[in-house]
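Single-structure report; data block below.
Just so it is clear, the values below take in all heavy atoms, side chains as well, and ignore hydrogens, waters and symmetry mates.
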Amino acid sequence: IFVLYSLLCYALLYWFPFDGWFWGFIMMSFPIVVAGHLVVLLFALFSAGKKNMVLPMFMLIIAGVFLPRTFQFKPKKPGETLDGKTFKVMNYNVHGFENDNRHGAKIMHEGKNMKEWVVSQDVDILCMAEYVSSSANNISGSLKKKGFKHVRQYNESKFNRPESYWGMILFSKYPIIAAKDTVFEMQNGMIQADIKVGKDTVRVVSIHLYSMTLRLNTLARQRTLDAILVEGKKAARHIKQGFLGHARELEAVLKWTKDSPYPV
């Protein structure tokens with residue numbers, strides 16, 4: 001039964017043909033499935049019947065197909081060239097650069113280090129979610145000095161200007177010849193930018209999907225079964241809403257990608 005469940009989990013991770021939230025929970029159990037087969041393998045290893053190692057080892061080998069989704073072991077290869085040019089893209093959810101002094105000096109110091117690190121990176125296109133820039137930190141000005149002369153903001157309004165902005169943002173050292181954005185909800189959405197690199201054009205889509213806003217630290221602090229069940233149900237509800245939100249957003253992502261006349 002466990003092997004059949006594992007194969008279903010693997011199949012969903014490789015090819016996801018279903019809409020809805022239920023299958024998402026099965027896919028989330030993937031680490032538990034792998035850990036389960038590892039435990040069975042260890043028991044078989046120290047038991048008399050060594051032939052019992054075959055099945056868990058086989059299931060772990062299959063699970064290895066998904067390893068490159070998390071870890072990359074391939075040697076570094078030269079970047080793709082466009083008109084003899086290479087370019088680098090960086091994406092980072094900066095969480096407002098920890099721009100909240102309520103959390104103390106340590107967090108503010110970490111936020112300052114984040115800003116310095118982002119500005120120091122040798123990239124050509126920079127996508128950031130939960131970005132905050134103000135006259136106080138002036139990170140937009142710092143990036144402009146580093147050559148990011150072209151900017152596209154998400155959901156721009158009179159309250160969101162380059163010198164004082166929060167939300168999603170895309171900086172580019174290359175000219176942005178066309179751009180648009182769409183709002184999913186609150187700070188979540190997409191920015192699409194057609195960027196001229198040499199004689200060629202590429203389309204960059206910066207995405208910030210629905211935020212599940214899990215409070216797992218609250219769940220971990222509970223000491224009674226009733227409290228654990230209450231907080232567990234809250235977390236499961238947030239995850240369920242996240243799966244439903246991501247399914248809707250995926251349709252928009254796929255359409256923007258499919259409709260592009262340029263490499264994405």
For residues 3-12, run the donor-acceptor check on the side chains, cut-off 3.5 Å, and write out each pair with its distance to 0.1 Å, sequence neighbours left out.
| residue | atom | partner | partner atom | Å |
| --- | --- | --- | --- | --- |
| Tyr5 | OH | Ser29 | OG | 2.8 |
| Ser6 | OG | Phe2 | O | 2.7 |
| Ser6 | OG | His37 | NE2 | 2.8 |
| Tyr10 | OH | Met59 | O | 3.0 |

Exercise. Is there a side chain to side chain contact (heavy atoms under 4.5 Å, CB included) between Trp256 and Arg203 once you walk through the steps?
Worked result: CA-CA 10 Å; Trp256 278 20; Arg203 175 165 293 179; 5.8 Å; no
For this session: Could you go through the side chain to side chain contact (heavy atoms under 4.5 Å, CB included) check for Asp181 and Met168 one step at a time?
Result: CA-CA 10 Å; Asp181 61 78; Met168 288 183 69; over 6 Å; no
For this session: Dump the intermediate steps for side chain to side chain contact (heavy atoms under 4.5 Å, CB included) on Tyr92 and Met114, then the final yes or no.
Result: CA-CA 11 Å; Tyr92 189 8; Met114 287 171 65; 3.5 Å; yes
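Between Ser140 and Phe148, the closest side-chain pair of non-hydrogen atoms is not below 4.5 Å. With contacts defined as side-chain heavy-atom distances shorter than 4.5 Å, the pair Phe43/Val40 does not qualify. Looking at heavy atoms from C-beta onward, Leu209 lies out of side-chain contact with Asn188 at the 4.5 angstrom threshold. By the 4.5 Å heavy-atom criterion applied to side chains, Met28 and Phe243 are counted as neighbours. Two residues are said to be in side-chain contact when any heavy atoms from C-beta on lie closer than 4.5 Å; Val89 and Val123 fail this criterion. Looking only at side-chain heavy atoms (C-beta outward), Ile195 and Leu170 come within less than 4.5 Å of each other.
Residue pairs meeting the salt bridge (charged side-chain N to carboxylate O under 4.0 Å, His left out) criterion with at least one member in residues 233-242, sequence neighbours excluded, are Glu231-Lys234.
Under the 4.5 Å side-chain heavy-atom criterion for ILVMFWY residues, no single connected hydrophobic cluster contains both Leu250 and Val264. Note on Ile177: it does not cluster hydrophobically with Tyr174, by side-chain heavy-atom contacts below 4.5 Å among ILVMFWY residues. Met90 and Met128 end up in the same hydrophobic cluster when Ile, Leu, Val, Met, Phe, Trp and Tyr side chains are linked at under 4.5 Å. Grouping the Ile, Leu, Val, Met, Phe, Trp and Tyr side chains by contacts below 4.5 angstrom, directly or via other members, places Val230 apart from Ile228. Put simply, Phe184 and Leu254 are part of two different groups of oily side chains (I, L, V, M, F, W, Y) that touch within less than 4.5 Å, one to the next.
A 6.0 Å sphere centred on NZ of Lys144 holds no more than 12 heavy atoms belonging to other residues, nucleotides or ligands. No more than 12 heavy atoms of other residues, nucleotides or ligands sit less than 6.0 Å from atom CZ of Phe58.
Remark: the backbone N or O of Thr257 is not paired with any side-chain donor or acceptor of Ser260 at under 3.5 angstrom. Side-chain atoms of His95 do not come within 3.5 Å of backbone N or O of Glu130 as any donor-acceptor pair.
Closest of all the heavy-atom pairs between Leu60 and Val34 is CD2-O, 3.6 Å. Residues Gly96 and Val132 share a closest heavy-atom pair of CA-CG2, 3.7 Å.
Once rounded to the nearest 0.5 Å, the distance linking CD1 of Ile207 with CD of Glu249 reads 9.5 Å. With rounding to the nearest 0.5 Å, the separation of CG in Asn113 from CZ in Phe97 is 12.0 Å. Of the inter-residue distances, the one linking Tyr210 atom OH with His246 atom NE2 reads 8.0 Å to the nearest 0.5 angstrom. Between the CZ atom in Phe87 and the CG atom in Asp200 there is a gap of 9.5 Å [rounded to 0.5 Å]. If you take CG on Leu126 and NZ on Lys88, they are separated by 13.0 Å, rounding to the nearest 0.5 Å. Taking CG from Asp122 and NZ from Lys146, the interatomic distance works out to 7.5 Å, rounded to the nearest 0.5 Å.
Salt bridge Glu116/Lys112: present, at least one basic N to carboxylate O contact under 4.0 Å.
Under the side-chain contact (heavy atoms from CB on, under 4.5 Å) criterion, Met53 pairs with Leu41, Ala44, Leu45, Lys50, Met57, sequence neighbours left out.
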